[in-house]
Engineer: 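The structure's right below; bear with me while I get my questions together.
Note that these values count all heavy atoms, side chains included, but never hydrogens, waters or copies made by symmetry. Here is how names work: the chains are called A, B, and so on, in the same order as the sequence lines, proteins then strands, and each is numbered from 1.
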Protein chains: 2
Amino acid sequence: MATNRPSGRLVKDELYGHFSRIGKAVAHPKRIELLDLLCQGERSVEVLADRAAMSVVNCSAHLRVLRESRLVTTRREGTRVFYRLADDSVCTFFGVLRDLATDRYAEVDRIVQDYFNARDGLEPVSRDELLRMAGDGDVVVLDVRPAEEYEAGHIAGAVSVPLDDLQARVASFPEGAFVVAYCRGPYCVLVPQALEVLRREGFEARRLEDGFPEWRQAGLPVAVGQESN
Amino acid sequence: MATNRPSGRLVKDELYGHFSRIGKAVAHPKRIELLDLLCQGERSVEVLADRAAMSVVNCSAHLRVLRESRLVTTRREGTRVFYRLADDSVCTFFGVLRDLATDRYAEVDRIVQDYFNARDGLEPVSRDELLRMAGDGDVVVLDVRPAEEYEAGHIAGAVSVPLDDLQARVASFPEGAFVVAYCRGPYCVLVPQALEVLRREGFEARRLEDGFPEWRQAGLPVAVGQESN
DNA sequence: CTCTTATTCTATTGTTCGTTAGAGTAGAAG
DNA sequence: CTTCTACTCTAACGAACAATAGAATAAGAG
């Protein structure tokens, strides 16, 4: 009996062929960026194209690839088509992929150090620390993502102040408040910019170690829609 | 202030570019098969080419891609070059990828059902069950992988009987023994073939739910080299 | 030094992928 | 029915990838 009977080879080829469908789906930077955005929640093609800085046609083509790999599904609402992750396990997979890249590529860590830590200079606040602070009640939790992302889901008790509005609204914050800002994930570029504004205005501001998807996946309290505070 | 400053876009492109290096590495079925083999332990180019049913030249080219993505590293010993995973986290990533594919593609489950379960007809034995049975001492644990894979690492107490030798050596097994066979992972094709032989010879034989890498990653007892039993 | 083995490099060819432009479709509003 | 918006499909073309053959290299044996 040969070690690899023909049928065994055929089965293997078919199995690994399916495994590689996932690989092909995440073999392009823009598709990974789209997955990252979709880890936040459902988004329309137009919004995804804008956030990922690509043409709508090109974005649609990449989303098609993701849909054919069954990592995302769609829902039509009027003229708009909304894409979302097919399952929460896709978000988990993205997290493992991101962590592996951080682990294997020192460059990633360098980029993060240079861009994020060099800008805010302070260690990020962990999820546990934030929960403790929130229990003590002397912290403002700031969601600096665009308003519609906040409404699709945010950390319970957080205030929505999109980065573009921050400069205008920062004056209304209680004097001497301690502020913790978060956005889409550990490498989102919105928070460093927000911290810059906040510190310039004299607030003590730190960033949450990671973003909303990680918070949600950890099973911590989230809220949807507007909050009346 | 614009939501996406140019520097933010550049940083994002660089980050997602690095993330996609992992994706590109696993975008080909043969490279995934090579990673799966390397999850077992270190292997030479020749052995990998044979196991994955590809030419040595082609195998070398794919290994080069994996090495450039830093998922594997090499070690030279005489004229031979040995490849191994760069880190255990690569094995974890492979597991998550495999599970996601199983989750998302019903075909994978169907293949597994058709090929594996239809052949052995019985539920696999879980790791915990096997440990309990081993404690009671009335079970033969069979490693049906090629001898050099056994020697590179195996379940402590397991007996090495490569599939090709099984027919010849099955006669020497204790009459009426209960046999649990394992190989490379949940989808390895060696075990179903082994169970077929064992049952034909009148033994009660089941398969372990998954293979050696999962056992090792679970922190359960492993051994290296020959065992004197 | 030559020969052998194991592996890698180079060049070539065919195939797939990514992007863009332009046309086409589905649904809502007038 | 027409018009608008949001999205998708088709075709085209350059870029990247995969497989193969043949040459080249590195290390050990004779």
Engineer: So, is A:H62 close to the C:dC17 phosphate, meaning a side-chain N or O under 4.0 Å from OP1 or OP2?
Structural biologist: no
Engineer: Salt bridge check: are B:R145 and B:E151 linked by an N-O gap of less than 4.0 Å?
Structural biologist: no
Engineer: Taking the six-membered ring of A:F212 as reference, does the NZ or CZ atom of A:R184 fall below 6.0 Å from its centre and within a 45° cone about the axis?
Structural biologist: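 Judged by the rule, A:R184 and A:F212 form no cation-pi pair.
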Engineer: Examine B:F93 together with A:F93 and report whether their ring centres are nearer than 6.0 Å.
Structural biologist: yes
Engineer: Going 5' to 3' along DNA chain D, which nucleotides are the first and last within contact of chain B (any atom under 4.0 Å from a heavy atom)?
Structural biologist: D:dA18 to D:dG28
Engineer: Between protein and nucleic acid, restricted to nucleotides 8-10 of chain C and to nitrogen or oxygen atoms under 3.5 Å apart, what atom pairs and distances do you find?
Structural biologist:
unit_1, atom_1, unit_2, atom_2, d
C:dT8, OP1, B:Y83, OH, 2.8
C:dT8, OP2, B:S60, OG, 2.6
C:dC9, OP2, B:R64, NE, 3.3

Engineer: Any heavy-atom pair between the side chains of A:Q226 and A:S160 that's under 4.5 Å?
Structural biologist: no
Engineer: May I ask you to test the A:L142-A:V191 pair for a side-chain heavy-atom distance under 4.5 Å?
Structural biologist: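 No - every pair of side-chain heavy atoms lies 4.5 Å or more apart.
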Engineer: If I take atom CZ in residue A:R21 and atom C1' in nucleotide C:dT16, what distance separates them, rounded to the nearest angstrom?
Structural biologist: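 It is 17 Å, rounded to the nearest whole Å.
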Engineer: Can you tell which of A:V45, A:V81, A:T74, A:N58 makes a side chain to side chain contact (heavy atoms under 4.5 Å, CB included) with A:L63?
Structural biologist: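 Of the listed residues A:V45, A:V81, A:T74, A:N58, the side chain to side chain contact (heavy atoms under 4.5 Å, CB included) partner of A:L63 is A:V45.
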Engineer: Give me the ring orientation class for A:F19 and B:F94: parallel if the planes are under 30° apart, tilted from 30 to 60°, perpendicular past 60°.
Structural biologist: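 Rings of A:F19 and B:F94: perpendicular, over 60°.
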Engineer: Would you check, one step at a time, whether the test side-chain hydrogen bond (donor to acceptor under 3.5 Å, both in side chains) holds for B:Y182 with B:D210?
Structural biologist: CA-CA 7 Å; B:Y182 74 92; B:D210 36 33; over 6 Å; no
Engineer: In whole Å, what is the span from the CD atom of A:E68 to the P atom of C:dC17?
Structural biologist: 10 Å
Engineer: How many angstroms lie between atom OG of B:S69 and atom NZ of B:K24, to the nearest 0.5 angstrom?
Structural biologist: 11.5 Å
Engineer: Regarding B:R43 and the six-membered ring of B:F82, is the cationic atom NZ or CZ under 6.0 Å from the ring centre and inside 45° of its axis?
Structural biologist: no
Engineer: Could you state the atom-to-atom distance from CG of A:N58 to P of C:dG18 in whole Å?
Structural biologist: 9 Å
Engineer: Does anything in residues 28-39 of chain A reach DNA chain C, meaning a heavy atom under 4.0 Å, and if so which residues?
Structural biologist: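 Listed by number, they are A:H28, A:R31.
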